[in-house]
Amino acid sequence: MEITVNNAVIELVQGDITKEETEAIVNAANSGLKGGGGVDGAIHRAAGPSIMEECRAIGYCPTGQAVVTGGGNLKAGHVIHTVGPVYSGGNRGEADLLKSAYLESLKKVTQNGLKSVSFPAISAGIYGYPLTEAAYIALKTIINYVKNHEGIELVRFVLFSQNIYDVFSDELKKIR
Ligand code: AR6
């Protein structure tokens, strides 16, 4: 499903983010930028070694922040590596940190003059963020950002399973 906010389309699809043709894709990375499992592992496998070299040179990304590399062998020319919070009960600032991970990623899109970006469900896998809350924060943050910033034309959520897609589309229907 999709909605339009200002000049931007916000779209939900089920699929594999490594195949995306948006100008940038977002990676759910760790602070050490060392690669790992989940979407991070998939992106590094598909992109090839050049983005790992760039990550090594950058060295570190605090939780809630984002850094940018090229896309290596991916169709997307840029990878925005952001670090979502590990969920540990909800009283350790997780919601603010997850919001910040989306916001800082969107700022990188704007700063690099890009018009399209794809996101996975940050923190909602290995980092254990409850899916419904993670979906609400993701969608609300992105809708508010595109309301106040011109330039981004497409924000696509690429959700890995039917279940994750269904949760995101229920939240989007409620917010809309
Ligand atoms: N395309 C789209 N979504 C995917 C893909 C893919 N190819 N593969 C997995 N997902 P996770 P996190 C979904 O665990 O929770 C790594 O080891 C997955 O189903 O990748 O932020 C990092 O190095 C889930 O919905 O990221 C960190 O150490 C979503 O992507 C840690 O995991 C996020 O799950 C980050 O954990």
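Atoms within a ligand are numbered from 1 in the order they appear, just like the ligands themselves. As a basis for the values below, the full set of heavy atoms in this structure was taken, side chains included, without hydrogen atoms, waters or symmetry mates.
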- Give every residue pair that meets the side chain to side chain donor-acceptor pair (under 3.5 Å) criterion with at least one member in residues 101-110, sequence neighbours excluded. E104-K107, T110-Y145

Which atom pairs, one a donor and one an acceptor, fall under 3.5 Å between side chains of residues 133-141 and the rest of the protein, sequence neighbours left out?
from : atom 1 : to   : atom 2 : distance (Å)
T141 : OG1    : I137 : O      : 2.6

- Message: Going by the rule side-chain hydrogen bond (donor to acceptor under 3.5 Å, both in side chains), which residues pair with K173 if we only count those two or more places apart in sequence or in a different chain?
- Response: none

- Message: Salt bridge or not between K174 and E171? Use side-chain N to carboxylate O under 4.0 Å.
- Response: yes

Ligand 1: which protein N/O atoms lie under 3.5 Å from its N/O atoms?
from     : atom 1 : to   : atom 2 : distance (Å)
ligand 1 : 1 (N)  : I17  : N      : 2.9
ligand 1 : 7 (N)  : D16  : OD1    : 2.8
ligand 1 : 14 (O) : I126 : N      : 2.7
ligand 1 : 15 (O) : S123 : O      : 3.4
ligand 1 : 15 (O) : G125 : N      : 2.9
ligand 1 : 15 (O) : I126 : N      : 3.1
ligand 1 : 15 (O) : Y127 : N      : 3.0
ligand 1 : 17 (O) : G37  : N      : 2.8
ligand 1 : 20 (O) : V39  : N      : 2.7
ligand 1 : 21 (O) : S123 : N      : 2.8
ligand 1 : 23 (O) : N30  : ND2    : 2.7
ligand 1 : 23 (O) : D40  : OD2    : 2.7
ligand 1 : 28 (O) : Y127 : OH     : 3.3
ligand 1 : 34 (O) : G125 : N      : 3.4

- T4 side chain vs V9 backbone, donor-acceptor pair below 3.5 Å: no

- Message: Quiz question: by atom type and distance under 3.5 Å, do the side chains of D16 and T18 form a donor-acceptor pair?
- Response: yes

